[in-house]
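Report on the structure given below.
Just so it is clear, the model here is predicted, and its values are computed rather than measured.
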Amino acid sequence: MVSTDQGTILADDWTDWDEKFTRYTTPDDHNTASISDINSAYEAYAPQAETVRVGIRDNTAIVLNGTDQVNLDIKPVSKSRAIVPAKDFAPSIGLIRNISLLLEIFVFDPSFPSKKAKPPGAKFIGSMVAFTDVAGTAPALDAYSTRVPEGKTTIEILYSLDKVGKKMWVICWYMSPTGKPSPLSVPFSVVLA
């Protein structure tokens, strides 16, 4: 039940990913360019693949066998599960490190800034990123690209070589076990090294 267009996009993405991953894992070709290429490919392809995976998971007309569930990382959903409400407050964001092609942030409960765990009832942390010039201000929400939800409060964001010297903007939110979102955090920005 995946559309023909989605199937074509996934197949093209896989072909491109396979070529870039081969260069990335070949010792003679493993350099800044191949690292940048694989980071860019991941940032472009992972959200698309996740959208299809979630669509398959949430489509009750699709019956998955055990192999499908393992390959797609989809756990069986209890039919009686109730909707779990989201937190009624937004998280805060702090910088851990900003090194070559990697930004690491800490997402925390603003009432308990030193506590590493998510607040009770928050199962995942959603995030989205956007880029501007150094002097740029926070972009509109439609300029951000949504990332795959994280289970931990420490989030690593890979970026490509062409983003060095730009300002990255990050917005985060808590997600309940049933995917309900909290309010969005204040946009956090950092100039990339």
Side-chain angles (χ1 to χ4, degrees), residues 2-57 67-75 93-107 116 124-173 175 185 187-193:
V2 174
S3 74
T4 304
D5 289 342
Q6 285 178 319
T8 302
I9 289 169
L10 288 173
D12 291 346
D13 290 352
W14 176 253
T15 300
D16 186 56
W17 172 266
D18 192 41
E19 291 171 10
K20 289 177 178 171
F21 190 73
T22 299
R23 283 194 305 273
Y24 175 77
T25 57
T26 303
D28 291 341
D29 294 334
H30 187 82
N31 54 35
T32 304
S34 65
I35 293 169
S36 180
D37 284 349
I38 203 73
N39 287 347
S40 295
Y42 179 81
E43 288 294 324
Y45 304 152
Q48 295 169 16
E50 181 65 8
T51 299
V52 172
R53 189 186 77 79
V54 169
I56 291 170
R57 181 195 69 196
T67 303
D68 294 335
Q69 291 174 359
V70 169
N71 288 338
L72 295 171
D73 192 24
I74 295 175
K75 296 175 181 61
I93 304 170
L95 177 67
I96 296 176
R97 62 186 171 146
N98 178 11
I99 59 173
S100 181
L101 307 180
L102 172 70
L103 178 75
E104 189 173 12
I105 59 172
F106 174 54
V107 180
K116 188 173 180 180
F124 301 105
I125 296 174
S127 63
M128 55 184 164
V129 299
F131 300 92
T132 63
D133 292 328
V134 173
T137 58
L141 284 179
D142 61 357
Y144 288 79
S145 46
T146 303
R147 303 179 72 249
V148 176
E150 299 276 350
K152 297 188 246 177
T153 55
T154 301
I155 298 174
E156 291 184 346
I157 303 173
L158 301 171
Y159 55 91
S160 55
L161 195 58
D162 63 319
K163 301 294 192 277
V164 172
K166 293 193 177 284
K167 188 183 284 187
M168 179 189 284
W169 296 86
V170 183
I171 294 177
C172 293
W173 60 93
M175 294 173 71
S185 70
F188 171 84
S189 68
V190 63
V191 177
L192 299 173

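- Note that the CG atom of Leu141 and the CE atom of Met128 stand 4.5 Å from one another [nearest 0.5 Å].
- Side-chain contact between Ser127 and Ile93 is absent, with no heavy-atom pair separated by less than 4.5 Å.
- Around atom CZ of Phe131, more than 12 heavy atoms belonging to other residues, nucleotides or ligands sit under 6.0 Å away.
- Closest heavy-atom contact between Thr154 and Glu104: CG2-OE2, 2.9 Å.
- The two residues Phe188 and Ile105 come nearest to each other via the heavy atoms CE2-CG2, 4.0 Å.
- Within the 3.5 Å criterion, the main-chain N or O of Val129 finds no donor-acceptor partner in the side chain of Arg147.
- When all heavy atoms of Asp18 and Thr22 are compared, the closest pair comes out as O-OG1, 2.8 Å.
- Residue-environment remark: OH (Tyr45) exceeds the threshold of 12 foreign heavy atoms within 6.0 Å.
- Contact between Arg53 and Asp73 at its shortest, heavy atoms only, is NH1-O, 2.8 Å.
- Counting only heavy atoms from C-beta outward, the side chains of Leu101 and Leu161 approach each other to under 4.5 Å.
- The two residues Val170 and Tyr144 come nearest to each other via the heavy atoms N-CE2, 4.5 Å.
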### Worked verdict on Ile35 versus His30 for side-chain contact (heavy atoms from CB on, under 4.5 Å)
CA-CA 7 Å; Ile35 293 169; His30 187 82; 3.8 Å; yes

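- Here NZ of Lys167 is found 4.5 Å from OG of Ser189. Values are rounded to the nearest 0.5 Å.
- Rounded to the nearest 0.5 angstrom, Asp13 CG and Thr8 OG1 are separated by 10.5 Å.
- Atom OH of Tyr159 sits about 6.0 Å away from atom OG of Ser100, to the nearest 0.5 Å.
- To the nearest 0.5 Å, the span separating CD on Glu19 from CD1 on Ile38 amounts to 11.0 Å.
- The CD1 atom of Ile56 lies 5.5 Å from the CG atom of Leu72; values are rounded to the nearest 0.5 Å.
- In this structure a side-chain-to-backbone donor-acceptor pair under 3.5 Å is missing from Asp133 to Gly136.
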### Message
As a quick check of understanding, evaluate side-chain contact (heavy atoms from CB on, under 4.5 Å) for Thr153 and Ile125, giving each step before the final call.
### Response
CA-CA 7 Å; Thr153 55; Ile125 296 174; 3.9 Å; yes

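- Remark: side-chain polar atoms of Ser185 are paired, donor with acceptor, to backbone N or O of Cys172 under 3.5 angstrom.
- Within the 4.5 Å cutoff, no side-chain heavy atoms of Asp37 are placed close to those of Tyr24.
- Closest heavy-atom contact between Ile155 and Lys152: CG1-O, 4.0 Å.
- Side-chain atoms of Glu150 and Glu156, non-hydrogen and from C-beta on, never get closer than 4.5 Å to each other.
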